[in-house]
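Beneath this line is the structure, given in structure tokens, with notes to follow.
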Amino acid sequence: MTIQQALIEKIRLADRPGANALLDAWATEHGYERLLAEILDPTLILIGEEWRSSETFTLAQVYVAAKVTEDVLNKIVDLRKPSPADQLPKGPVVIGNIEEDFHALGRRMVGTFLRTDGWIVHDLGNDVPAAEFVDKAQAVGARVIGVSAMMMTTARHITRVREEIDRRGLTGRIQLAVGGAVFRICPGLDAEVGGNGTAPDALGAADLFDRLWKQSVRKEAVA
Ligand code: B12
């Protein structure tokens, strides 16, 4: 039995401690960050697909899967080593789930990976109105806002963040990163909602934020 099959079995039985023990054992050998990217992320996608297509998972089981992932995220946060004193922190960035979206896990993973990469992350949480993203970015001097949306309906609300950035004359200065399950399955949706770029997972998010930060600096220099 693979680790993914064993994990799914524990989730079906709502055995959260059992799932945690299994994952801790794997992480001892391979690390928690690999656990997230290689085991949990694909497992959640698979559970989500089955939940939708064949209802072989109940909402309660999906909830257990989310809780187990949260447990792992909390461990990563606890274990995170502070950046070496000689390494300058990267700039402040703002992240959150768009209005009406409550799928926190992906966003929290992105936040965890960005912090590990040295960014100062201001996480506004779930269900964040467009103006709040831009208010925060202006208050902390962020050049990148990362908006997470898991569903087609909520992804469309991201256009309001784009409008808010443009209305305040911050086009180019503030770059808009977008991501979430729906962007993985709908190529081109990122541009459609006004995003400057997307990444399929938390590992890719760190590179994307680097690229968008530099893009903002360049645009400001030529303005
Ligand atoms: C867990 C889950 C839930 C949990 C959420 C718990 C929590 N605390 O987060 C609960 C049970 C609450 C839930 C509720 C609902 N859900 Co739900 N859910 C899921 C599920 C199974 C997994 C989502 C998840 O956490 N994935 C794991 C994370 C790690 O992946 P991720 O979110 O994609 O994030 C990664 C990348 O996308 C990327 N990323 C994420 N954000 C960002 C941001 C930036 C800037 C960047 C660069 C990258 C990035 O990096 C992340 C890490 O690698 C998905 C299935 C799926 N295929 O995703 C359905 C899914 C998203 N849910 C769905 C639905 C329909 C719902 C409900 C409407 C169900 C209902 N009838 O009530 C509600 C809506 C709630 C709401 N308004 O938000 C649908 C959406 C369909 C659609 N495309 O429109 C999906 C796709 C299931 C399906 N196959 O039908 N859900």
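Ligands are counted one by one from 1 in listed order, and the atoms in each one are counted from 1 as well. Source: prediction; values computed, not measured.
- The N/O atoms of Gly146, backbone and side chain alike, include none that comes under 3.5 Å of an N/O atom in ligand 1.
- At least one heavy atom of Leu59 sits under 4.0 Å from some atom of ligand 1.
- When Ala149, Gly106, Pro200, Ala177 are checked for heavy-atom proximity to atom 45 (C) of ligand 1, Ala177 turns out nearest.
- Within a 4.0 Å radius of atom 47 (C) of ligand 1, the protein has at least one heavy atom.
- At a distance under 4.0 Å, a protein heavy atom can be found next to atom 42 (C) of ligand 1.
- Only the side chain of Met109 comes within 4.0 Å of ligand 1, counting heavy atoms alone; its backbone N, CA, C and O stay farther away.
- The shortest separation from a heavy atom of Gly204 to ligand 1 is not under 4.0 Å, leaving the residue out of contact.
- Annotation: atom 56 (C) of ligand 1 to nearest protein heavy atom, Ala181 CB, 4.2 Å.
- Here's the thing with Met152: one of its N/O atoms is less than 3.5 angstrom from an N/O atom of ligand 1.
- Within the 4.0 angstrom cut-off, atom 39 (N) of ligand 1 has one or more protein heavy-atom neighbours.
- For ligand 1, the atoms closer than 4.0 angstrom to any heavy atom of Ala66 are 6 (C).
- The backbone N or O of Leu176 lies less than 3.5 Å from a partner atom in the side chain of Asn196, making a donor-acceptor pair.
- For a threshold of 3.5 Å applied to N or O pairs, the pair formed by Glu100 and ligand 1 contains at least one separation below that value.
- Listed for the Ser216 side chain is a donor-acceptor partner under 3.5 Å among the backbone atoms of Arg173.
- Listed by number with element, the atoms of ligand 1 under 4.0 Å from a non-hydrogen atom of Asp201 are 38 (C), 50 (O), 53 (O).
- Using modelled atom types, no side-chain atom of Glu164 and backbone atom of Ala131 make a donor-acceptor pair closer than 3.5 Å.
- Any N or O atom pair closer than 3.5 Å counts here, and Ile185 shares no such pair with ligand 1.
- Within a 6.0 Å radius of CZ in Phe102, other residues, nucleotides and ligands contribute more than 12 heavy atoms.
- The closest approach between Val178 and ligand 1 falls below 4.0 Å for a heavy atom of the residue.
- Salt bridge Glu163/Arg160: absent, no basic N to carboxylate O contact under 4.0 Å.
- With Ser148, Pro42, Ala104 as candidates, the residue nearest to atom 9 (O) of ligand 1 on a non-hydrogen basis is Ala104.
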Practice item. Decide yes or no on salt bridge (Lys or Arg N to Asp or Glu O under 4.0 Å) for Asp210 and Lys90, but give the supporting numbers first. Key: CA-CA 9 Å; Asp210 262 328; Lys90 295 187 179 178; 3.4 Å; yes

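- Gly91 and Trp119 make their closest contact through O-CE3, 3.2 Å (heavy atoms, listed as atom of the first residue, atom of the second, distance).
- For Val110, no nitrogen or oxygen atom sits less than 3.5 Å from a nitrogen or oxygen atom of ligand 1, counting backbone and side chain alike.
- Each of the atoms 21 (C), 55 (C), 88 (C), 89 (N) of ligand 1 lies under 4.0 Å from some heavy atom of Gly48.
- Taking the charged nitrogens against the carboxylate oxygens, Asp135 and Arg168 do have a contact shorter than 4.0 Å, which makes a salt bridge.
- Atom 67 (C) of ligand 1 has as its closest protein heavy atom Met151 SD, 4.3 Å.
- Selection from Glu49, Arg184, Arg108, His103 by nearest heavy atom to atom 63 (C) of ligand 1 gives His103.
- With Asn20 contributing its side chain and Arg16 its backbone, the two residues share a donor-acceptor pair below 3.5 Å.
- Note that atom 6 (C) of ligand 1 has protein non-hydrogen atoms nearby, at separations under 4.0 angstrom.
- Judged purely by atom type and a 3.5 angstrom limit, Arg143 has no side-chain atom pairing as donor or acceptor with the backbone of Trp213.
- The Leu208 neighbourhood of ligand 1 comprises atoms 47 (C), with distances under 4.0 Å to a heavy atom of that residue.
- Residue Trp51 places no N or O, backbone or side chain, under 3.5 Å from any N or O of ligand 1.
- Of all atoms in ligand 1, listed by their number and element, those nearer than 4.0 Å to a heavy atom of Asp101 are 78 (O).
- Not a single N or O atom of Ile47, backbone or side chain, sits closer than 3.5 Å to an N or O atom of ligand 1.
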Exercise for review: Under the side chain to side chain contact (heavy atoms under 4.5 Å, CB included) rule, what do Leu7 and Trp26 come out as? Steps first, then yes or no, please.
Suggested key: CA-CA 11 Å; Leu7 174 61; Trp26 195 90; over 6 Å; no

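- Remark: atom 20 (C) of ligand 1 lies closer than 4.0 Å to no protein heavy atom.
- Under the 3.5 Å distance criterion, the side-chain polar atoms of Glu132 are left unmatched by any main-chain donor or acceptor of Pro129.
- Remark: side-chain polar atoms of Gln61 are paired, donor with acceptor, to backbone N or O of Thr58 under 3.5 angstrom.
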Check your understanding: Would Met151 and His103 satisfy side chain to side chain contact (heavy atoms under 4.5 Å, CB included), going step by step from the backbone distance to the final call?
Key -> CA-CA 9 Å; Met151 303 184 290; His103 291 89; 4.0 Å; yes

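- Listed by number with element, the atoms of ligand 1 under 4.0 Å from a non-hydrogen atom of Ala199 are 47 (C), 48 (C).
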Check your understanding: Could you go step by step and tell me if Arg108 and Asn97 meet the side chain to side chain donor-acceptor pair (under 3.5 Å) rule?
Key -> CA-CA 10 Å; Arg108 287 198 57 204; Asn97 278 67; over 6 Å; no

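- Of the protein's heavy atoms, at least one falls inside 4.0 Å of atom 14 (C) of ligand 1.
- Note: no N/O pair closer than 3.5 Å links Val147 and ligand 1 by distance alone.
- The shortest N or O to N or O distance between Asp41 and ligand 1 is under 3.5 Å.
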Practice item. Would you check, one step at a time, whether the test side chain to side chain donor-acceptor pair (under 3.5 Å) holds for Asp101 with Thr154? Key: CA-CA 6 Å; Asp101 204 299; Thr154 54; 2.6 Å; yes

